[in-house]
Amino acid sequence: MVGEKPNVASKLAQALGNYSIEENHGVKNYIVETDDEKIIIAPAVGHIFNLEQTSEGWDYPVFEVDWAPTFETSDSADYMKKYYRNLRDQCEKADEYINACDFDLEGSVIGDRVIKELGTTDESRIRRMKFSTLTPSDLEEAFDNLEDFDKGMTEAGLTRHILDFYYGINVSRALMQAVRENDRYKTLSTGRVQGPALNFLAEREREIQEFEPDPYWEIFLHNSEFRAKFHDDGDERIWEEEVADGIFSEIEGEDEAEVSNIKINNYSHKPPVPFNLTGLQKEASSQFNINPKTTQSIAQDLYEDSLISYPRTESQKLPPKIGYKNILNKLKNQENYTEKAKKVLKKDKSDNLYTKQGKKEDDAHPAIYPTGQNPGNLSKNERKVYDLIVKRFFAVFGKPAKRQSLTMTLEVNGYTFNAKSKVTKKRNWFDLYDPYVKVEEAELPELEEGEKLPVDEFEQAEKETQPPRRFSQTSIVSELEKRNLGTKATRAQVVDRLYDREFIKDDPIVVTDLGLTIAETLEEYSPEIVSEELTREFEERMESIKNQEESKEEALERARDELGETLRNFKEQEKEIGAKLVRAIDKYRDQKRKLGPCDRDDCDGTLQIIRTDNGRFVGCTEYDDCENTYPLPNNGEVTSQGEICDECGTPKIHVSRKSGNNYEMCIDPDCSTKDDW
DNA sequence: GCAAGGTC
């Protein structure tokens with residue numbers, strides 16, 4: 001019996017009854033023996049097999065692919081070796097095989113590859129276990145009702161892999177080949193998820209670049225305790241200057257306003273929902289400015305240390321069977337959390353604890369929660385993310401906070417102004433989530449309708465409309481989630497790859513010229529790859545393969561035809577496409593080497609990184625007239641900090657090393673900021 | 001040197 005991962009293998013064993021453990025290559029196998037059979041439950045670790053090209057060379061199109069052990073095709077998959085070897089040993093012993101991986105396309109592929117590559121290709125000897133949660137009762141029932149080999153799902157899953165390979169590898173190669181035709185080299189990539197992700201970002205970037213702001217005016221009434229804003233039937237913005245001037249001249253000099261209306265609204269502010277991975281990533285980004293990929297890897301570490309539950313979950317639900325009380329009692333023993341844990345436990349003495357639940361579900365895992373186990377030494381960021389997870393766990397038990405909003409309408413010469421306030425009357429769950437509650441608290445003086453109020457002054461402010469907001473690393477991950485592109489485990493990685501390729505930079509995200517040019521090129525020559533429709537189409541095809549209405553080979557044949565046409569067209573215009581890409585690459589590289597203005601008084605040049613055979617240094621663009629130079633560190637990537645040193649006036653740089661040892665400094669080695677270096 | 005999807 002093959003489980004999707006070590007944890008699940010253990011759960012399968014627990015559900016099946018008495019078991020013993022046999023270790024092989026450092027991997028735990030679970031042995032369950034009955035009167036007439038012996039079951040070995042062995043874990044995979046996700047995709048133990050992966051696609052690789054079987055033909056030679058880097059040309060495209062490439063359509064010849066086959067499955068190979070992942071540790072052989074990927075440098076970072078060394079840890080899979082022992083699992084692979086164990087599966088090989090266990091598969092040799094078996095007469096029959098059960099695929100007990102997650103019941104979805106990927107699970108079907110994971111189990112199928114292990115069994116077919118290492119066990120048997122005889123499908124009559126393969127069974128499929130179908131379960132939707134990992135509870136013992138579900139697993140037991142699934143085991144008692146083993147189904148035949150799931151040909152449809154497996155074929156659909158295998159096809160999904162191959163189609164993604166076809167589209168991703170080939171179009172990526174086409175881009176790189178185009179650049180190489182122009183005698184340059186740059187790693188470029190795109191794919192079914194990367195493509196649309198870049199496209200959303202590029203569309204937004206163009207909207208921002210093309211945005212033309214409209215001016216408008218606002219008028220404020222200032223009192224010693226608050227300010228109120230002019231509005232005309234709810235509209236606070238005045239679009240013509242003459243109109244604003246007119247109103248202003250009629251109220252200017254008035255020193256009193258009358259309270260014409262007070263509206264009080266009491267409302268509940270509900271507690272948040274339990275964290276799924278995206279929710280945690282969003283909150284870690286807004287609270288600590290930690291990017292989604294880092295949060296994911298921190299969460300994985302915390303999970304491996306048994307401090308939190310499985311983090312790669314879509315679920316926003318915390319079922320009672322996780323044992324609320326037990327976890328809360330353990331948290332109570334942690335110094336930092338004693339008070340909050342007590343508060344939650346006190347809430348209901350009758351054991352009827354319940355939590356707020358979100359809408360999203362996940363078949364395999366509940367929402368993220370702390371196990372209660374006492375953490376040892378955590379890094380600074382680990383501590384932050386852990387604290388956030390614990391406090392969110394407390395918060396979901398809380399009662400809604402009681403809030404009150406107050407809108408006060410003031411009148412001056414027939415013109416109306418609004419002052420608004422929001423205050424918390426009862427904190428409830430706010431106390432459990434401190435210090436992560438972010439709500440507005442602004443109080444207004446207690447006044448009554450008809451009362452007169454002194455005015456300090458009126459203010460007329462000119463403003464302008466703002467361009468659309470940029471995506472952040474987090475909001476683009478949410479956007480992908482909303483559109484069902486990628487999965488919980490891959491979205492942050494996809495965004496990270498766009499940074500690696502230099503298609504995007506900074507956060508909030510700015511699309512580079514290279515990114516814009518790539519998006520434009522793909523839109524023109526391979527529009528399917530930047531369209532989210534490709535994913536929808538894949539989903540439909542997988543559905544029909546699953547139902548055995550279409551065969552894997554038919555689907556692949558069709559993709560080879562369609563993609564082949566696109567790629568031929570691309571290839572014909574390779575040189576021009578490449579020239580355009582090269583211009584964008586050069587422009588970006590040129591921008592990247594510019595560090596800041598030359599610090600010589602009489603020089604208007606720009607200091608930039610100069611590379612030589614022996615290394616690199618900083619020189620001035622006006623090097624005919626200006627001999628200003630500075631040394632640079634030999635190792636690490638140097639980028640401009642976009643700032644000038646207060647002490648010496650030279651540009652500040654950011655040095656990032658592969659070791660993860662990053663630092664900032666100005667480029668003058670004699671600057672007093674380095675006195676104690 | 002290229003994807004997307006699992007996972008440690």
Side-chain angles (χ1 to χ4, degrees), chain A residues 2-9 26-28 43-53 57-62 65 67 70-71 73-84 87 101-102 104-114 156-180 184-198 296-297 299-305 310-313 364-365 480 485-498 500-501 518 529 534-535 538-539 542 559 563 567:
Chain A
V2 186
E4 181 144 325
K5 54 189 167 200
N7 244 331
V8 173
V27 177
K28 279 183 185 147
V45 267
H47 287 291
I48 291 273
F49 287 86
N50 208 342
L51 286 171
E52 81 175 345
Q53 175 185 355
W58 285 95
D59 202 2
Y60 72 94
V62 46
V65 295
W67 297 86
T70 306
F71 72 84
T73 61
S74 164
D75 292 338
S76 57
D78 220 49
Y79 72 91
M80 281 189 181
K81 236 181 220 169
K82 60 179 188 180
Y83 295 95
Y84 172 86
L87 285 164
C101 296
D102 295 353
D104 54 26
L105 292 196
E106 299 307 322
S108 290
V109 171
I110 292 167
D112 176 79
R113 287 300 86 199
V114 168
L158 296 169
T159 312
R160 201 282 303 152
H161 277 257
I162 299 173
L163 288 179
D164 271 330
F165 187 99
Y166 279 2
Y167 277 88
I169 301 288
N170 282 304
V171 184
S172 296
R173 281 188 186 181
L175 289 171
M176 283 188 280
Q177 192 60 34
V179 169
R180 211 163 68 162
R184 303 298 284 281
Y185 178 77
K186 171 99 177 78
T187 305
L188 302 169
S189 68
T190 188
R192 178 174 55 82
V193 182
Q194 275 183 58
L198 178 62
Q296 185 169 340
S297 102
Q300 176 69 20
D301 289 342
L302 294 174
Y303 164 68
E304 282 167 19
D305 288 343
Y310 191 74
R312 283 192 298 268
T313 175
H365 306 281
L480 293 174
L485 295 164
T487 71
K488 59 202 179 239
T490 59
R491 289 178 194 121
Q493 292 169 21
V494 164
V495 175
D496 211 58
R497 206 168 297 157
L498 297 178
D500 275 352
R501 303 281 180 261
I518 293 280
I529 204 89
L534 192 59
T535 291
F538 274 27
E539 282 165 356
M542 294 320 109
L563 189 57
L567 294 170

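So that the names make sense, note that chain A is the first sequence line, chain B the second, and so on, each numbered from 1. Note that the structure is predicted; figures quoted are calculated from it, not measured.
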Listed partners of A:Ser108 passing side chain to side chain donor-acceptor pair (under 3.5 Å), at least two apart
A:Arg128, A:Asp150
Taking side chain to side chain donor-acceptor pair (under 3.5 Å) as the definition, give me every residue that meets it alongside A:Asp78, ordered by chain and number, with sequence neighbours left out.
none
Boundaries of the DNA chain B segment in contact with chain A, non-hydrogen, under 4.0 Å:
B:dG1 to B:dC8
Just checking [X]: base, sugar-phosphate only, or nothing, at a heavy-atom cut-off of under 4.0 Å?
{"X": "A:Leu188", "result": "sugar-phosphate"}
{"X": "A:Arg192", "result": "sugar-phosphate"}
{"X": "A:Phe538", "result": "nothing"}
{"X": "A:Thr490", "result": "base"}
{"X": "A:Arg501", "result": "sugar-phosphate"}
{"X": "A:Gly157", "result": "nothing"}
{"X": "A:Asn50", "result": "base"}
{"X": "A:Thr190", "result": "sugar-phosphate"}

Of A:Gln493 and A:Arg497, the one whose nearest nucleotide on DNA chain B sits closer to the 5' end is A:Arg497
Most 5' of A:Ile110 and A:Tyr167 on DNA chain B, judged by nearest nucleotide:
A:Tyr167
Under the salt bridge (Lys or Arg N to Asp or Glu O under 4.0 Å) rule, what pairs show up with a residue in residues 164-173 of chain A, not counting sequence neighbours?
A:Arg160-A:Asp164, A:Asp164-A:Arg192
Take A:Gln300 and A:Arg312, measure what side chain to side chain donor-acceptor pair (under 3.5 Å) needs, and give me the verdict at the end.
CA-CA 8 Å; A:Gln300 176 69 20; A:Arg312 283 192 298 268; 3.0 Å; yes
Those residues that, when tested against A:Tyr310, pass ring pair (Phe, Tyr, Trp, His ring centres under 6.0 Å) (two or more places apart)
A:Tyr303, A:His365
Report the residues that fulfil salt bridge (charged side-chain N to carboxylate O under 4.0 Å, His left out) with A:Asp500, sequence neighbours left out, ordered by chain and then residue number.
none
